[in-house]
Visitor: 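Here's a structure for you.
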Amino acid sequence: MRRFLITAGVAAAAALSGPASAADLKMAFAQAPTSIDPHFHNSGTNSALIRHVFDPLIINQNGLQPGLATSWKAISDTVWEIKLREGVTFHDGSPFDAADVVFTIERLPNVPDSPSSYASSVQPIKEIEVVDSHTLRFVTDKPSPVLPNKLAEFTIVSDEVGKGAATADYTTGKAMVGTGPYRFVSSRASESYKLARNESYWGGAEPWETVEIRIVESGPARTAALLSGELDLIERVPSNDVPRLNDNASTSVHSGPTNRVVFVSLDVQRDAVQENYARDGDGNPLAKNPMMDKRVRQALSMAIPREALIERALGGDGVLSSNLVPPGFFGYNTDIPVETYDPEGAKKLIAEAGYPDGFEITFHASTDRIAYAPQVAQVLAQSWTRIGVKTSLETMPHSVYIPKTNAFEYAYMLHSWGTASDAGYTLNGIAVTRDKPNGKGPSNRGRYSNPDVDRMIAEAQTTLDTDKREKLLHDAMSITIGDYGIIPLYAQKASWGTSNGTVYTPAVDLMTLAMRAKPAN
Amino acid sequence: MLEVVFRRLVQAVGVVLVLTVVSFVGVFKIGDPIALLAHENATELEIEEARQRLGLDDPIHVQYLNYLGRMAVGDFGNSFVSRRPVVDVIAERLPATIELTLAAFLISVLLGIPLGIAAGLKPESAAAQSIMAGSIIGFSLPTFWFGMMLIMVFSVSLGWLPSIGRGDTVELLGMHWAILSADGWKHLLMPALMLSLTTVSLIIRLVASGMREILLMEYVKFARLKGLHEFRVVMLHAFKNVLIPVVTVLGLEIGSLLAGSIVTETVFAYPGVGKLLIDSINRLDRPVIITYLTLIVLFFVVINLIVDLIYTLLDPRARGTIR
């Protein structure tokens, strides 16, 4: 019996642990896509999966790169001319042309039942002129400098296949016909997705013959599957597993900066204290929201030891950022210094503001969206307590947190923001005076408001001249940071783990793409 | 008999009603699913449209009554997130959990009962002592940790078993079953072991102590005096009576195995309904949460009914006392 077991074990081991053929890539996402219909739900994980099968017009990676569009230029203040790539075919052999783009743009705002559509990506486009089969003109109401960035947000489907196709037809794979580097083979929702190389890809065939994307939500399980050789590539390596994967002879870790900045958001709108989130030493709410005083806000910023925070709380997985966009993004103002750690100065400011004995606050954060959020929040609480602002923490799942912060029920919060295009996008999302009906400041959760910033961002959004626009964004950023309503902490880094047969090049958008993985050698 | 079944069904409907109210209000209190689903730069208009599409713009009681009305005719609605019918979403995941729970249940019975009998027969022997000590360890280990250790040993170090997913499946009756393929079994073994750990230990202890107690009874002594074969004494006379509490506990354990499968499915990235529930709670996907919970309630009712019926077979005194 024992011999049998050993024999069986060895046989099983041989069957399972044999090195996967170099031409196959097995990778893991940490989250399941909600749908594979490329236009159904605008979310990062969905986009990552979709990008294997469908191409965008413009690829936003290290700046804007040609995708299905080879060139784009503003031929007047309100008209963008787009040249499409010639000779591209869909996976079913049909040619790609202007009709596919027009069909896609019309479909985007009209996907039935979509919980979050891509309507905003094509919202500036008022009219489409088809000049010839490979030239399009997009007419906008106002000058729209960010249109090329927006054109990078969605992917193009075939009009022949797409006509009459519902989301369900994409789910079954029937309508999964794109121009992308991989063809869709099969899927088991929330479990695994199988893809095969598109031999006639316009950008040249990929090195991987097949790609299998598995969904592994638990961090330790992803690490174990990489160590055992079941997977070649995993995203979101748990920080405590990084040394282990680096030390292991057959695995390695690839880290890179992301487009996401983590920041503190303070209630700077309400004079009164929300609930009892700011109290005196006896636990009674303060007469006035202390954050209405800029000195207090500045003191909180000065009290944060950012370098130590990155080193200790994040295990090095962060980059100092003085702006609300990460260094290197369009509109990042290098003249803004990173706040110097100065707890003594902070104490003085708090006293000057009329709180010589300090006060107490409650700080809110969610635990499952920002990596290491609980640790970061603890560092903040300790740092502030040290300068006399005794901070108690309340943490909760993101599903509880976000609806409450949207309703402005909390006052002092930890948030993050990923910059899809440039600083204009970011400041419009989190710093411009909240005016949700017009899509301004939709995620301005502390209700920061400065008319100068509003004006500059509005102007930047319709300024085609690059230098002028950059100047506006620099100035708006400078004012926002100087007002201390939104306090940047750091830009996130992210880590991918690979087996030794694979090399991965991270990108700031956090998407895990087979196209970014290459066989070693 | 029919009356019992009928009464249980009425009770089940009552429980389901209470449960729908509680989960409806609960999810509503947590917040707006659209706030989570919407893209972070979405405009008010986009959000409002999405809310209308999901029927979330009505007052809560209208939403509830609408939902109840549709449920009464067997329409459990569509997932907020994927907009696929909830029944499809659950049916896709159910076989995995059924397989996992059944496999863990079988391991519990096939390991727990023989080991328990062995330990109960000769409590002083070294073997019995180690079985009992082992069962205490099994009780005390966190199953999560046990699962990770299985992975470290059998996947990472030895490379014998796969650590994630469900493997190849075979379609039967419109559902995908992994137990029909060898690859599926390889994927199932470790999750099932992890899930059964506590139950195996429980059954061992239950059977062993029951055995020790019953072996001292007069009728067992009498059977021995009659000169019956030891095997017959143990298996027929003693064991049958040990089984009565064991059946009750096993019935309850199926429920806790089902609930415990949530942790197991997370550790092994095993695509079952437990993981679906967690995902759905994190996304406030109310239709999926309610349908899943309803299913579990019905499941518990059926299990309890079966346990009661088995009872009457094992113990004639129980007949006529079940309500």
Visitor: Give, as side chain, backbone, both or neither, the part of B:Ile151 having an atom under 4.5 angstrom from any heavy atom of chain A.
Guide: side chain

Visitor: Let me know if B:Val267 has heavy atoms under 4.5 Å from chain A in its side chain, its backbone, both or neither.
Guide: backbone

Visitor: Tell me, side chain or backbone of A:Thr405 under 4.5 Å from chain B's heavy atoms, or both, or neither?
Guide: neither

Visitor: Given a strict heavy-atom distance threshold of 4.5 Å, which part of A:Ser35 is in contact with chain B: side chain, backbone, both, or neither?
Guide: neither

Visitor: Is the shortest distance from a Lys or Arg side-chain nitrogen in A:Glu217 or B:Lys275 to a carboxylate oxygen in the other one below 4.0 Å?
Guide: yes

Visitor: Measuring heavy-atom distances to chain B, does A:Arg222 have an atom under 4.5 Å in its side chain, in its backbone, in both, or in neither?
Guide: neither

Visitor: Regarding A:Thr426 and A:Thr419, is there a side-chain donor-to-acceptor distance under 3.5 Å anywhere?
Guide: yes

Visitor: Measure B:Arg51 against the heavy atoms of chain A and call it side chain, backbone, both or neither at under 4.5 Å.
Guide: neither

Visitor: Under a 3.5 Å cutoff, is there a donor and acceptor pairing between the side chains of A:Asn149 and A:Ser421?
Guide: no

Visitor: Given that the side chain runs from C-beta out, which part of B:Tyr270 has a heavy atom under 4.5 Å from chain A: side chain, backbone, both or neither?
Guide: neither

Visitor: Between B:Arg84 and B:Glu92, is the closest basic N to carboxylate O distance under 4.0 Å?
Guide: yes

Visitor: Would you tell me whether A:Tyr401 and A:Thr367 have side-chain atoms, one donor and one acceptor, within less than 3.5 Å of each other?
Guide: no

